[in-house]
Protein chains: 4
Amino acid sequence: MMRRIAQVSNSPSMSRRADPIAPRKTPRQARAQATYAAVLQAAAHILTEQGRGALTTNRIAERAGVSIGSLYQYFPSKEAILADLLRGMRREMLADIEAAAAACGGLNLRALTEALIRASVRHHAQAPDLARVLEQVELELPGDPETARIEAQLRDLLAAALADRGVPGPTVAAQDLAAITKGITDEAARAGETDLDFVIARAVRAVHGYLGL
Amino acid sequence: MMRRIAQVSNSPSMSRRADPIAPRKTPRQARAQATYAAVLQAAAHILTEQGRGALTTNRIAERAGVSIGSLYQYFPSKEAILADLLRGMRREMLADIEAAAAACGGLNLRALTEALIRASVRHHAQAPDLARVLEQVELELPGDPETARIEAQLRDLLAAALADRGVPGPTVAAQDLAAITKGITDEAARAGETDLDFVIARAVRAVHGYLGL
Amino acid sequence: MMRRIAQVSNSPSMSRRADPIAPRKTPRQARAQATYAAVLQAAAHILTEQGRGALTTNRIAERAGVSIGSLYQYFPSKEAILADLLRGMRREMLADIEAAAAACGGLNLRALTEALIRASVRHHAQAPDLARVLEQVELELPGDPETARIEAQLRDLLAAALADRGVPGPTVAAQDLAAITKGITDEAARAGETDLDFVIARAVRAVHGYLGL
Amino acid sequence: MMRRIAQVSNSPSMSRRADPIAPRKTPRQARAQATYAAVLQAAAHILTEQGRGALTTNRIAERAGVSIGSLYQYFPSKEAILADLLRGMRREMLADIEAAAAACGGLNLRALTEALIRASVRHHAQAPDLARVLEQVELELPGDPETARIEAQLRDLLAAALADRGVPGPTVAAQDLAAITKGITDEAARAGETDLDFVIARAVRAVHGYLGL
DNA sequence: CATGAATGAGTATTCATTCAT
DNA sequence: CATGAATGAATACTCATTCAT
């Protein structure tokens with residue numbers, strides 16, 4: 001699978017002081033923007049290459065070519081950096097899936113699910129290690145409302161699309177569809193597979209079978 | 001899903017001094033056996049109740065009612081404890097699946113896959129948090145040959161069973177079957193589902209669809 | 001006890017570059033004066049409301065509505081701000097005591113001491129927290145000559161007044177008079193007392209007793 | 001004034017885990033006892049010689065000839081060390097004052113107050129800097145119940161003794177007696193005085209005057 | 001063998017201060 | 001002059017591991 005490292009284009013909008021996870025302040029000047037992005041980039045790199053255990057704030061700052069003090073100008077804690085990466089990943093995923101769904105407006109269930117799975121696998125395949133780590137991290141992180149909102153939107157989008165096509169129990173079906181796709185993709189990545197289309201085909205077969213198509 | 005905490009009856013067979021993950025020495029006497037098991041028990045408890053971040057060797061020793069020195073008599077490092085837990089979990093899983101497969105000797109593909117999925121979901125459901133954490137841990141741990149061997153056995157067992165019933169590409173199919181089951185089970189656990197049979201039914205539907213049954 | 005927050009009208013007279021405690025430069029323009037005063041105000045507020053541990057230069061600047069850079073235009077260091085506050089407090093105190101002493105030109109010892117104690121307690125009571133913190137700070141601060149001069153003036157003023165009325169050992173007596181007043185006032189503030197006149201009465205009784213009146 | 005550095009014989013009795021100020025665990029072995037005492041000794045030294053700003057945990061450990069890890073075996077935080085020193089000082093003070101009071105069982109008010117003042121000044125004079133710093137620190141520290149209890153005992157002891165001798169408003173009088181003594185002693189220490197008897201005489205004069213003797 | 005005291009490298013985070021824009 | 005981004009030494013505290021008793 002091809003790799004493209006990170007989703008670093010998050011644009012924090014408000015300066016929320018009390019929240020330990022919200023970004024600390026909005027970078028206004030160009031230099032500040034660069035620092036902000038560099039920190040996220042560096043964190044993503046370290047996570048994918050060395051794993052969560054190796055993610056220390058000093059290491060992030062060093063890799064970002066930035067002082068530890070600068071890092072803390074923009075992120076109130078290490079967890080805030082992780083939360084930001086996760087948020088960015090979810091935002092991208094939602095955008096991809098929304099685009100795919102929009103492009104399938106009038107299509108039947110077969111075509112729709114295939115398109116969604118294709119988008120999903122492609123997305124996961126870009127940075128499978130990062131995705132896996134961030135999903136692990138999500139379980140320990142104090143929930144970020146923005147992230148929760150995006151995830152809810154994703155679930156609803158999927159469930160609505162299935163409901164439109166007359167799938168019974170669309171909520172559970174949406175969950176299982178996502179779970180099947182994720183399961184097959186992760187395991188394939190772990191096994192070192194690189195042929196995306198093959199992975200997609202198998203996920204599609206499982207989902208279509210699950211839906212009785 | 002019901003919970004049953006731990007798989008603590010691992011009995012390491014050889015004393016391998018250089019290996020940082022292999023158990024340090026075989027406890028032969030009763031008291032030693034008890035200490036050994038208590039450490040694993042304690043580690044499993046802490047992992048499920050407080051998460052990986054809370055797992056410290058001192059805490060394990062305290063919870064096990066053992067001195068930190070004694071802990072290090074039996075395990076050369078914290079990672080060795082985790083590796084031991086993982087090994088135990090895999091051993092159990094292999095045993096369960098082997099039993100299920102043996103009981104299905106002459107059965108057709110439908111019945112076989114259902115039995116296997118049932119065993120697998122049941123297994124995961126016993127201690128889903130522990131399983132999840134240990135699987136995360138596995139990615140960072142230096143591979144333990146014993147664990148690798150068990151996993152290979154599991155894959156081969158599954159692949160062989162599928163091959164026997166004429167499934168094409170049995171190795172990939174085995175991987176996907178496991179991935180689908182794991183994906184649906186994990187996501188169900190995360191969503192807080194407790195109706196095991198419902199989860200099993202959905203996994204079976206997906207797998208049967210995948211296999212074209 | 002009533003509270004009035006700060007003594008912020010210090011007007012530094014000379015530009016002494018090498019001294020780490022002397023104000024950095026004389027603000028001549030109106031805006032500069034305002035900035036200078038705002039910084040002192042902000043520092044006093046933070047000290048009284050949140051204590052010395054919360055006094056950071058960035059926080060001072062923020063509260064003063066001034067950039068951190070501007071703060072350092074006028075004060076060479078955080079200690080300089082504290083020294084300036086202390087100086088201001090001592091100046092006020094000297095002014096109050098001088099006024100009281102002047103008003104008592106021909107009075108006898110009883111009346112004089114009572115007037116001085118009254119002025120002193122009143123002064124302390126305006127901002128007891130700030131006074132206490134600044135006195136703590138004084139012990140750690142490299143001595144500021146201006147402040148030292150004011151304190152010497154105070155001591156001399158008191159000693160002279162006592163000497164004029166025939167008190168033997170006027171220097172020691174002056175020191176003790178101040179110590180008694182400060183001791184009783186501080187302890188009263190700490191105990192949460194609010195009746196200034198009661199505090200004054202007790203200090204007067206002790207001092208008069210001490211002086212054999 | 002003579003100096004004798006520290007009150008290091010505190011003997012923590014119970015292991016109270018949640019309290020951020022209570023000692024962390026009771027040192028059982030001789031080596032542990034030594035470490036515990038060395039930390040307190042070192043902290044007292046640094047406080048008196050370099051002031052509170054210089055009191056860092058690493059510095060304490062270094063001066064104590066102990067690793068930073070050992071320090072944290074016995075004290076859960078830096079504040080706990082300060083609280084322990086304060087507690088020790090209060091314990092000593094209470095013991096001294098109790099002894100003095102007991103020795104004055106049937107004495108009249110003049111003799112009693114003189115004895116108490118003598119004890120108090122002597123106590124303060126042993127380590128006046130340490131006493132001052134610890135009293136400052138007390139204001140910021142989360143209150144330790146043990147310390148509060150001792151201080152209450154001290155106040156009550158004094159008030160009762162005064163009440164016994166017919167002093168009106170014995171509680172306020174006790175507070176003022178202590179305040180006067182402390183005020184004169186501190187200021188004398190600050191002025192560099194070394195003649196304890198002279199200090200005592202002046203405090204006695206003020207207190208006797210205050211009490212109308 | 002068991003104990004638990006001791007170790008110290010490593011971690012997240014703060015804050016006084018500088019300097020390019 | 002004003003701004004605020006950047007700096008990095010310093011701080012409190014943790015935890016895997018060792019070793020004397």
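Naming: A, B, ... by sequence-line order, numbering from 1 per chain.
- Counting non-hydrogen atoms under 4.0 angstrom, D/I60 reaches nothing in the nucleic acid.
- As rounded to whole Å, 18 Å separates atom C1' of E/dG4 from atom OH of D/Y36.
- Regarding contacts with the backbone of F/dC13, a side-chain N or O of D/Y72 is found under 4.0 angstrom from either OP1 or OP2.
- When each of E/dT11, F/dT11, F/dA16 is scored by its nearest atom to the side-chain atoms of D/R59, the top-ranked nucleotide is F/dT11.
- Applying the Watson-Crick and G-U wobble criteria (two distances, each under 3.5 Å), E/dG8 pairs with F/dC15.
- A 4.5 Å side-chain heavy-atom check between B/L82 and B/E140 finds every atom pair outside the cut-off.
- F/dT21 and E/dC1 have their C1' atoms separated by 13 Å, with the value rounded to a whole Å.
- Between A/L55 and B/G65, it is B/G65 whose nearest contact on DNA chain E lies nearer the 5' terminus.
- A donor-acceptor contact under 3.5 Å is not formed by the side chain of A/Q73 with the base of F/dA5.
- Side-chain contact check for B/R52 versus A/Q136: every heavy-atom pair is 4.5 Å or farther apart.
- In this structure, C/I46 places its CD1 atom 13 Å from C1' of E/dC15, rounding to the nearest Å.
- Contact between the side-chain N/O atoms of A/T35 and the OP1/OP2 oxygens of F/dA6 is found at a separation under 4.0 Å.
- Looking at heavy-atom distances under 4.0 Å, B/L71 makes no contact with the nucleic acid at all.
- At a threshold of 4.5 Å between non-hydrogen side-chain atoms, the residues B/T147 and B/E138 count as touching.
- Under 3.5 Å, the side chains of A/D84 and A/Y74 contain no donor-acceptor pair of N or O atoms.
- Between the CG atom of D/N58 and the C1' atom of E/dT14 there is a distance of 15 Å, rounded to whole Å.
- Separating the CD atom of C/Q33 from the C1' atom of F/dC1 is a distance of 16 Å, rounded to the nearest angstrom.
- The side chain of D/R31 lies closest to E/dA6, out of E/dA2, F/dA6, E/dA6.
- Residue A/S70 is in base contact, counting any heavy-atom pair closer than 4.0 Å across all strands shown.
- B/F75 places its CZ atom 18 Å from the C1' atom of F/dT18, with the value rounded to the nearest Å.
- In terms of position on DNA chain F, the residue among B/G53 and C/I68 whose nearest nucleotide sits closer to the 5' end is C/I68.
- Here the OG1 atom belonging to A/T56 is positioned 8.0 Å from the CD1 atom belonging to A/I68, to the nearest 0.5 angstrom.
- The residue among C/S67 and D/G69 whose nearest nucleotide of DNA chain F lies closer to the 5′ end is C/S67.
- Each of A/L47, A/L86, A/L40, A/L55 was scored for a side chain to side chain contact (heavy atoms under 4.5 Å, CB included) with A/I81, with one residue passing: A/L40.
- Atom CZ in C/R52 sits roughly 13 Å away from atom C1' in E/dA16 (whole-Å rounding).
- In this structure, the OH atom of D/Y74 is 11 Å from the P atom of E/dG4, given to the nearest Å.
- The partner of E/dT21 is F/dA2, by the rule that a Watson-Crick or G-U pair needs both atom distances under 3.5 Å.
- Using a 4.0 Å heavy-atom cutoff across all strands shown, D/T57 reaches at least one base atom of the nucleic acid.
- A/E79 has its CD atom 13 Å from the C1' atom of E/dT11, to the nearest Å.
- For A/K78, the side-chain atoms get nearest to E/dA12 when compared with the rest of F/dT7, F/dA2, E/dA12.
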